[in-house]
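Take a look at the structure below.
Both ligands and their constituent atoms are indexed starting at 1 by order of listing.
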Amino acid sequence: MKFNTKTIHGGQKHDPAYGAVMPPIYQTSTYAQSTPGGHKGFEYSRTHNPTRQALENAFASIENGNYGLAFGSGLAAIDAVIKLLEPGDEVVSTNDLYGGSYRLFTSIFKKFGIKFHFVGMENAHNIENYINSNTKLIWVETPTNPMMNIIDIKACSQIAKKHNLLLAVDNTFATPYLQQPLDLGADIVMHSATKYLGGHSDVVMGALVVKDKDLADKLYFIQNASGAVCGPQDSFLVLRGIKTLHIRMQRHCENGRAIAEYLNSHPKVEKVYWPGFENHPNHNVAKEQMNDFGGMISFTTKGNNFEEAIKIVEKLKIFTLAESLGGVESLAGHPASMTHASIPKEEREKTGVVDSLIRLSVGIEDIHDLIADLKQAIG
Ligand SMILES: *Cc1c(COP(=O)(O)O)cnc(C)c1O
């Protein structure tokens with residue numbers, strides 16, 4: 001089955017009870033048993049729920065994996081991955097990282113004795129400088145947030161295999177429409193399904209997909225034992241979102257390209273970060289591992305003025321000033337004061353998150369309206 005068919009049919013079967021074409025919302029916490037243990041595969045909804053299971057099968061299908069797991073948020077999904085580790089273990093992580101992931105690693109898991117190294121991975125060989133006998137996991141985000149750096153997943157997987165480490169890829173920005181990390185050698189793919197997979201800014205959810213059965217069993221155990229699952233209604237909404245992922249992504253990419261080019265020619269704009277430009281440092285890797293370049297763009301304005309950046313985002317009318325990304329509507333954010341405020345200024349500036357940086361999640365509205373909006377806001 002090709003990707004554009006998998007988004008609609010992958011892992012799905014019509015409901016066995018009445019043949020419902022769409023999986024019903026099984027809004028139940030428990031399931032009747034005829035005799036102790038005599039059930040139809042479902043005992044309690046933290047462990048299994050038919051609507052969630054339909055979604056988990058869809059996750060597995062679109063990421064070319066064998067096992068999917070749905071969580072109450074993207075961070076809950078990451079939390080489950082780190083719980084595979086033991087005190088004393090070490091993780092080599094991308095340095096330009098989603099702020100909440102950084103906070104989870106440094107404010108929660110550090111105190112349980114897990115050590116994180118935050119490393120520039122644009123040259124994957126740099127990872128090897130941080131690997132020792134305690135290293136267990138490489139954590140990769142690509143494109144990175146918000147600098148749109150590209151990390152070579154295949155090169156990372158070769159390093160992971162050589163040192164017998166797990167490789168996990170946060171695929172939130174790219175989505176499986178653009179890149180399929182498991183096919184490039186990753187062991188775990190993670191999503192904030194809150195973003196493009198859900199696609200309509202109405203659900204918070206996380207996902208993991210793996211190929212390996214032993215790894216899946218360990219993660220299912222953690223999912224059930226820690227209990228950060230999502231509800232059936234949210235599962236239904238994300239399942240519905242996935243059905244249009246391919247057509248939404250196609251438009252996100254088209255609009256993204258037009259806006260990146262517009263900003264690049266704007267006299268007040270200093271620099272545009274978008275992997276589709278030939279002069280992007282890892283454009284060739286992006287071309288190799290991605291099918292297109294997506295709708296996430298960051299840019300800075302000349303003079304690097306904090307107040308001016310705030311004024312621009314306040315003036316936008318069609319772009320909504322908001323955290324998050326990946327919905328049908330265009331959003332704008334100011335990372336230094338919003339998504340990355342939890343990262344110390346010194347740390348964030350090292351990775352390029354300067355005061356004038358503005359991040360756009362380009363939606364699927366009419367491109368002329370979007371460009372006109374940027375024009376009136378930037379001036
Ligand atoms: C939003 C996001 C997360 C966290 O997901 P939540 O659903 O908000 O918990 C993790 N990684 C990336 C890249 C994100 O954009």
Side-chain angles (χ1 to χ4, degrees), residues 55 59 63 68-83 91 93-109 116 118 121 137 139-151 153 168-179 181 186 188-209 223 226-231 234-235 237-238 241-242 249 252 273 275 290 294-298 322-327 331-335 338-343 348 351 353 357 359-363:
L55 173 67
F59 284 152
E63 280 289 3
L69 300 94
F71 293 85
S73 70
L75 286 176
I78 301 174
D79 179 89
V81 174
I82 307 300
K83 283 176 177 161
V91 179
S93 163
T94 308
N95 61 349
D96 180 28
L97 193 65
Y98 177 71
S101 309
Y102 180 85
R103 184 177 54 201
L104 176 67
F105 293 166
T106 55
S107 300
I108 306 284
F109 281 110
F116 295 86
F118 297 97
M121 296 183 175
L137 173 71
W139 185 269
V140 168
E141 213 180 292
T142 181
T144 67
N145 178 24
M147 299 314 298
M148 312 301 152
N149 292 320
I150 298 294
I151 295 165
I153 297 173
V169 176
D170 181 339
N171 205 27
T172 301
F173 269 37
T175 82
Y177 176 84
L178 295 179
Q179 110 193 334
I188 302 172
V189 53
M190 173 263 152
H191 278 275
S192 169
T194 313
K195 316 294 169 51
Y196 286 105
L197 299 190
H200 296 75
S201 305
D202 50 9
V203 182
V204 173
M205 189 186 286
L208 298 177
V209 180
Q223 181 194 38
S226 283
V229 294
C230 54
D234 286 354
S235 299
L237 284 171
V238 172
I242 287 173
M249 286 307 295
H252 283 298
Y273 298 90
M290 300 171 75
M296 296 301 300
I297 300 166
S298 293
E323 303 214 356
S324 200
L325 60 112
L331 301 181
H334 181 241
M338 296 167 68
T339 46
H340 288 60
S342 59
I343 301 181
R348 69 172 159 77
T351 62
V353 184
L357 188 80
R359 189 192 77 180
L360 302 178
S361 169
V362 178

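From Y273, atom OH reaches atom CG of N149 across 9.0 Å, with rounding to the nearest 0.5 Å. In this structure, I78 CD1 and S192 OG are separated by 8.0 Å, a value rounded to the nearest 0.5 Å.
Of the candidates F173, Y196, Y98, the one placing a heavy atom closest to atom 4 (C) of ligand 1 is Y98.
Between I150 and M290 there is a side-chain heavy-atom pair separated by less than 4.5 Å.
Close approach of ligand 1 to M205 is summarised as follows: ligand atoms under 4.0 Å from at least one heavy atom of the residue are 7 (O). Which parts of ligand 1 touch L325 is read off a 4.0 Å heavy-atom cut-off, strictly below it: atoms 15 (O). Remark: ligand 1 atoms within the under-4.0 Å shell around heavy atoms of S73 are 7 (O), 9 (O). Heavy-atom contacts of E141 reach the following atoms of ligand 1: 13 (C) (cutoff under 4.0 Å). Distances below 4.0 Å separate heavy atoms of S192 from the following atoms of ligand 1: 1 (C), 2 (C), 3 (C), 4 (C), 5 (O), 6 (P), 7 (O).
Considering only non-hydrogen protein atoms, atom 15 (O) of ligand 1 sits nearest to K195 NZ, 2.7 Å. Closest protein heavy atom to atom 6 (P) of ligand 1: G74 N, 3.3 Å. In this structure, atom 11 (N) of ligand 1 lies nearest to the protein heavy atom D170 OD2, 2.7 Å.
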Review point. Would L178 and Y196 satisfy side-chain contact (heavy atoms from CB on, under 4.5 Å), going step by step from the backbone distance to the final call?
Key: CA-CA 11 Å; L178 295 179; Y196 286 105; over 6 Å; no
Practice item. Show your reasoning for whether side-chain contact (heavy atoms from CB on, under 4.5 Å) applies to I242 and L55. Key: CA-CA 9 Å; I242 287 173; L55 173 67; 3.9 Å; yes
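Annotation: cation-pi geometry satisfied between K195 and Y98 (NZ/CZ under 6.0 angstrom from ring centroid, within 45° of ring axis).
Of all the heavy atoms of L75, the ones lying under 4.0 Å from any atom of ligand 1 are found in both the backbone and the side chain.
In this structure, F105 and F118 have parallel ring planes: the angle between them is below the 30° cut-off, well short of the 60° mark.
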